[in-house]
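Everything on this sheet refers to the single structure shown next.
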Amino acid sequence: MLEFADIQHTDRETLFVEVILPLAISKNYTYRVPFSLNDSVFIGKRVVVQFGKSKLYTAIIAAVGNQAPEKYEAKYLLDILDDRPVVTGRQLRFWQWLADYYLCNMGEVMNAALPSALKLASETKIELNKDFQVDKSTLHDKEFLITEALEIQNELTVGDIVKLLGQKTVMPILKSMFEKNIINISEEVSERYKPRKRTFLTLNPIYNDPDNLRELFPILEKRAPKQADALLAYIKLARTQKTISKNELIEESGAGDASIRSLIEKEILVAEEKNVSRLYFDEDEFSDNFQLSDTQEQVLNDIKQQFSEKDVVLLHGVTSSGKTQLYIRLIEDMINSGKQVLYLLPEIALTTHIIERLRQYFGGNIGVYHSRFNDNERVEVWQKVLNHEYKVILGARSSVFLPFADLGLIIVDEEHETSYKQFDPAPRYNARDAAIYLGNMYQGKVLLGSATPSFESYYNARTHKYGFAELAERFGGVELPKTEVVSITEELKKKTMQSHFTSVLMDDIKTALANKEQVILFQNRRGYAPLMMCKVCAYTPKCVNCDVSLTFHKSSGKLHCHYCGYKEEAPSICPACGSTHLEYKGFGTEKVEDELSMLLPGARIARMDLDTTRSRNSLQNILNDLEEKKIDILVGTQMVAKGLDFSDVTVIGIINADSLLKYPDYHANERSFQMLAQVSGRAGRRGKQGKVVIQTYDPNHRVIRQVIENDYKDLYFTEMEERKSFKYPPFYRIINLDVKHKSQDILYNQAEYLATELRKNFGDRVIGPEYPLISRIRNYYIKSIMLKFERDVESINRAKAIIKDVITQFQTTKLSKGAIIQADVDPV
DNA sequence: AGCACGCCGACT
DNA sequence: GTCGGCGTGCTC
C-alpha cells in the first residue's frame, strides 16, 4: 500500500485511468493513479482496484488520461500486476467490436477472453483481532459461534461463515463484530498461476567419452543392475530427444526413483530443476513430407491464388478429401514467412487424433488451447503467444481471444459447426464470425473449411464476397458412398416392412453384420415416442411450462419435456376422460433401439443421444466401444453426425428422412438438410465404399428427388450445385432475440413491445413473438423473436440500434427488469 | 457481480 | 417486534 505522503509531496502530473472491470456493467470506471505508479501505467496492463464497498478486482487499463472526473472523487489504483501489458491494444479493439456486435458489455467479453488465473478476485478473509480480548459471555449466540470457529481455524472466508451459521445474510453480523473490534476483515488478492517444476537429467560430461562409459557399465551391471538399466535407457532416450526428465527415465527404464537417485549421487547423471511447461510438446522433427495428390495440389494453388484477392476463402471439401493436409501446407507457408496461425476446431474435434497429427508436423511451434485445459496451462499458452513462442495455435472457440502479434492466417475447420457459437453466458459470440473480423484486424487471411458448409458462408462465397474452392473427391481414390432411396409407402403396400425398417435397410444391415462391419442408424428424435394420445378423447399430455407435447421415455417410464426438462409420471389412464386406451405416436431412438434388438437378437446395439451421453465419460465410452468394435449398430440422433471418425461403418440408415425435410421453417429445413448430408458423409472408410439408405414416405420430395437425379453423388454437393443458380429462396440474415423474465405476463408484454418497435421499421420481416413457444428454463420464461432480412447491412445496424434502445428502456423502467438475453447476427 | 437499503410477510 | 425474503439501485 502506498503512503499518503507519497501522493501529496510530489508535484508531478496527476493521471487517471479508465479500467474494464470483469463484471456485467456497461461503463468503464475511472481511477486515480498514485504518483509512484505514474511511470508504469500502460494500456493493457492488469491493475488491482477496489470497486464498491470492499471488493477488490483485477481490471484492465483501457485508457490513460490526465483529466480529473468532475462528478465524483476517483478512488486510487491500488496496484499494477504486470510489467508488460497482457492484453494488446488490438485485442482491446477486438473486445470492443465483439461487445458492440453481440450487444454485451466489455466486462463480459473480458471474462470470456482472459483465462481466469489472470483475473484474480479478492477473497474476504475474517480473522480474530488479537489485540482485543473479548468477554465471551457478552456475545450473542452467532457472534460466539464465529469467535469459537476462528479460535480453531484462525481464518475464515465469508462463504465459510454462511455455511457455519446456516444463513444467507452474514454481513450485518460481521460488520457489527468488526465495529466492536472483535474481528479483522481483510481483502486479499493472490496470484493463482503457479509454474510447474520438473527434474531434468543430463549425463555427466565425463561420460561423453565412450571409453569412460565403457568402463562404467560392467561395474554397474554387477553391483547395481537396475542402475545399469536406467543408464542404458537414458542413452537410448538421448538419441531421440534433447531433454530427458526424471519421470520419463523412470518410465522408460522401469527402474525406481532410488536407482536414479544413486546415479545422481555417484555423479553419473546430473540433476537440474527447471520450470517446465505444463503443455506437452515433443522435440521430434516434422515427419517425412507427405505428397499431395494432383487435385489437392491444384486446390491449394487455387486457394493461394484467391487469397491474393479475397480475405476469406471457403473450402468445400467432401469428407475424407484430405483438407487437413492442405491446412498443413498453408500453415507451413505462414510459419516460413514468420507469421502466426490460428487453427480453430469445434470443441469435440479437439479430442481426436488431429492434435497429434499436427504436433507431429509442427513440434514445439504449436500450442493447444481449449476449455478442458486447466487454468495454469491456459495462462502458459497465453504467455507463449504473447512472447511469439508459439507460431501455431490449435484451439476451440475461445482461442480467438489470444494475444496474437502477427496473425497471418486463421483456419476455421468444420466452419458450419454450431459449437462455435457460445450460448450461455454473454458474450454470445460465434468464433467463426469473430475470426473473420479478427483476420481483418490483422490483415490476415481466413480459410473456412467444411464438408457441409453453412448456408451463410456458402452464400457469401457464391456472391463473391468470399473466395471459393472445392475438393470434390476423396483422398486416395475412395469412392463416395452410394445412396439408395427407399419408399416406405411402397414397402408398406408390399408388406415388407419390419417395424420401422424397410427390407432394403434390413438386408443391408444383415450384410454388414455378416461382414463384421458396422452400421449407424439415424433418427433425429430421442426418447421412445414424441406424443402420447388418448384414443377416445384425443387428449395429449403437455408440458406445464411450455406449449409442447411430452415425449415418453421408456427408460425412465416418464413423460419428458424436451424444452425445459420437466418430467412427470406417464399416466396409465387418460387424465381427461379416464379411458385406458392410450397410444404412443411417432418414434424416437429408444424405440428404434428396442425394436431392432427384437428383430436382430444377436447384434450388439448401442444408442447415442442426449440421454445416453449425459454423464461425463459416456460419450467417450460409446466412441471407444465403437472403435474397438464392441458395437455393431449405433442408433443415434444428430450427435452421430458430428465430425466423428468411425472406422468400419459401411452402412448408414436414415430411418425417416421426412422428419428432417418437412419443417415449416426455411432455416430449420436448411439445418436438417445439412444434418442429412453430414450423417451420409460418415459412410465408408478405409478403402470400402459405403452405402446410405434413406427411408422416406415421400420419394418426390425435392431433396430426395435430387439425390436420385444426381446419380447418387454426395448429397450435400448436389444440393450446393443446385443452389449456385439460386433456384431456391435467397438467404436471409437473421437476428435472433430471446427475451426472458421471471413473470410470464411481463415477459409477454416485453416481447410484444420489442416486436412492435421493430415492426415499425421492418414490418413483416419481424417474426414472432408468437412464432416459437414460450419455454421455461429454471425460473425464467423465455420467448424468441426473429428478424429476417435479405442481406442488407444497413437494416441490420438500424435494427441493432433499436434493440439497444429497447434494452436500455427495459433496464430503466421499473415495471420490468427483464433482459434481452440474446441478440445474434450473421457476419457483416 | 456484490452489497446496501427498503419494503413486506411470518415467526421466535 | 425482528428475521429474512426479495426488488432496486449503485459502484469510479
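When reading the values below, keep in mind they use all heavy atoms of this one structure, side chains included, and skip hydrogens, waters and symmetry mates. Letters A, B, ... are given to chains in the order of the sequence lines, protein chains preceding strands, and every chain is numbered from 1.
Taking atom CG of A:L23 as the reference point, atom P of C:dC10 lies 17 Å away to the nearest angstrom. Between A:L77 atom CG and C:dT11 atom P the separation is 19 Å, expressed in whole Å. Between the CG atom of A:N105 and the P atom of B:dA1 there is a distance of 10 Å, given to the nearest Å. Taking atom CD on A:Q50 and atom P on B:dA1, their separation rounds to 20 Å, with Å as the unit. With rounding to whole Å, A:K27 atom NZ is found 10 Å from C:dC12 atom P. Rounded to whole angstrom, the span from the CG atom of A:L15 across to the C1' atom of C:dC12 amounts to 16 Å. Regarding A:Y29, its OH atom lies at a distance of 7 Å from the C1' atom of C:dC10, rounded to whole Å. Atom CZ of A:F51 is separated from atom P of C:dC10 by 12 Å (rounded to the nearest Å).
Separation of the A:F401 and A:Y429 ring centroids falls under the 6.0 Å cut-off.
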For A:K45 and A:D82, run salt bridge (charged side-chain N to carboxylate O under 4.0 Å, His left out): C-alpha distance rounded to whole Å, both residues' side-chain angles, the deciding distance at 0.1 Å, then the answer. CA-CA 6 Å; A:K45 282 188 181 182; A:D82 304 301; over 6 Å; no

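Listed candidates were B:dA1, C:dC12, B:dA4. Nearest to the side chain of A:K53 is B:dA4. Considering only the side chain of A:K75, C:dT11 comes nearest among B:dA1, C:dT11, B:dA4. Out of C:dC12, B:dA1, B:dC3, the shortest distance to the side chain of A:K55 is found at B:dC3.
Under 4.0 angstrom from either OP1 or OP2 of B:dG2 there lies at least one side-chain N or O belonging to A:Y57. Side-chain N/O atoms of A:Y31 include one lying less than 4.0 angstrom from OP1 or OP2 on C:dC12.
Note that A:K75 lies outside the cation-pi zone of A:F51, set by a 6.0 Å cut-off to the ring centre and a 45° limit from the axis.
Judged by distance alone, with hydrogens and angles left aside, A:Y72 brings a side-chain donor or acceptor within reach of the base of C:dC12, the pair sitting under 3.5 Å.
Counting heavy atoms from C-beta on, the side chains of A:F404 and A:R90 never come closer than 4.5 Å.
Residue contacts for A:I25: at a heavy-atom cut-off of 4.0 Å it reaches a base atom on one of the strands shown. As judged by a 4.0 angstrom heavy-atom cut-off over every strand, A:K71 is placed among residues making no nucleic acid contact.
Listed for the A:Y31 side chain is no donor-acceptor partner under 3.5 Å among the backbone atoms of A:V48.
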